[in-house]
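The structure appears below as structure tokens.
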Amino acid sequence: MGDTTTAAQQARKRKLRGRRELRKNLRQQLDWRGRPVPPLGWYIAALAVACGIAYGVLHDRGDADPSGIGVVVAGAAAGVLWGAVVMAVAPPIIAVPVIVVGIFVFGPLFGPAYPSALSAWITSTVAGWFVGIAIRYRTVGRRRPPPAQPLVDRTRPRRKAPIGKSERSSLVSSAIAGVGFLALPVLLFVVPTPRFLTGWLLLAGLALAWAIPTGWWSARAQSHHAVGGAPLQAATWGVLFNAWGAAGAHGMPFALTAGLGGVAIGFVLRRLWEARVGRYPRQRPAP
């Protein structure tokens with residue numbers, strides 16, 4: 001009887017501890033202070049605008065679409081503004097669903113009349129995320145800096161970072177998956193219909209220019225060589241938004257597969273680089 005009571009008490013303590021941890025994590029996520037956006041984040045933001053404009057220009061001319069470049073640029077500007085306002089006001093746990101729901105709300109309203117602007121708007125929204133993150137950091141994070149993430153100490157020499165057996169199998173699987181994602185649309189679309197080759201090269205190239213740096217960034221954050229957080233989440237979510245925006249140019253399969261494959265390839269390349277040159281040691285805790 002005593003053992004049963006003790007087990008029940010321990011289970012209750014674990015349950016209460018889990019609830020406290022959940023509330024603590026929720027409070028931390030709602031205490032949104034922004035983050036400094038690194039240069040790689042601004043590169044992806046600029047690429048998001050460029051991709052959005054490209055998808056708007058390449059939009060199917062069979063639709064009833066005023067396809068002037070002014071309409072496309074206006075759609076891209078609206079996407080940047082929408083993403084920046086939402087991300088600057090609300091924490092990511094709320095802002096990301098709001099942005100996604102906004103596409104389903106505004107898309108049916110403006111999409112039929114301005115489909116090319118809608119394609120530019122969807123992808124350019126990711127650039128607005130970075131702008132909103134930076135605005136939030138300048139307005140709130142400067143006064144109350146967010147918790148600093150522990151990084152590496154670059155003043156000390158690098159240490160060897162060999163790839164173990166379990167990690168090697170994981171990296172091999174990721175590399176095979178990345179190459180497979182790139183080869184899949186070639187086998188399904190380009191080989192049967194060679195006229196798709198030019199479109200695949202263009203859309204896959206844009207997606208890879210976005211996804212490979214994102215995968216590289218993700219591996220750097222995992223090894224504490226770079227800060228992750230909200231900017232990295234924006235870049236990762238942006239891979240899907242990039243494919244979504246490419247749907248207007250009938251390029252979603254190309255952009256999506258290349259994006260998923262590029263993230264895996266970028267992650268593997270970064271880990272191979274670290275295995276070759278080593279890693280800096282972690283920062284020592286402050287005394």
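The model shown is predicted, which means the values in this text are computed figures rather than measured ones.
Contact check for Arg154 versus His225: side-chain heavy atoms found under the 4.5 Å cut-off. For the pair Phe241/Thr123, no side-chain contact is recorded, criterion being any heavy-atom separation below 4.5 Å from C-beta on. Within the 4.5 Å cutoff, no side-chain heavy atoms of Tyr43 are placed close to those of Phe130.
Using a 4.0 Å cut-off between charged side-chain N and carboxylate O, Arg271 and Glu167 make a salt bridge.
Between Phe189 and Phe196, the ring planes are perpendicular. Angles over 60° get that label, and only those under 30° would be called parallel.
For Arg138, the CZ atom is loosely surrounded, since the number of other residues' heavy atoms within 6.0 Å does not exceed 12. Counting heavy atoms of neighbouring residues, nucleotides and ligands inside a 6.0 Å radius, atom CH2 of Trp237 does not exceed 12 of them.
The hydrophobic cluster containing Ile176, built from Ile/Leu/Val/Met/Phe/Trp/Tyr side-chain heavy atoms closer than 4.5 Å, also comprises Val172.
Between Ser174 and Ala264, the shortest heavy-atom contact is O-CB, 3.6 Å. The nearest pair of heavy atoms linking Ile53 to Ala76 is CG1-CB, 4.0 Å. Between Pro38 and Trp217, the shortest heavy-atom distance links the atoms CG-CZ2, 3.5 Å.
Between the side chain of Ser223 and the main chain of Ala219, a donor-acceptor pair closer than 3.5 Å is present. Side-chain N or O atoms of Trp129 include none that pairs as donor or acceptor with a backbone N or O of Ala235 at under 3.5 Å. Not one N or O on the side chain of Arg270 forms a donor-acceptor pair closer than 3.5 Å with the backbone of Trp216. Looking only at distances, a side-chain donor or acceptor of Arg156 sits under 3.5 Å from a matching main-chain atom of Arg282.
The cationic atom of Arg158 (NZ for Lys, CZ for Arg) lies less than 6.0 Å from the six-membered ring centre of Tyr280 and within 45° of the ring axis.
Ring-centre distance between Phe267 and Trp273: not below the 6.0 Å cut-off.
We find the OG1-CD1 distance between Thr125 and Ile99 to be 6.5 Å, quoted to the nearest 0.5 Å. Between the CG atom in Leu232 and the CD atom in Gln222 there is a gap of 10.5 Å [rounded to 0.5 Å].
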Does the pair Trp121 and Tyr55 meet the rule for a ring-ring contact (aromatic ring centres under 6.0 Å, His included), with working shown? CA-CA 10 Å; Trp121 179 59; Tyr55 299 149; over 10 Å; no

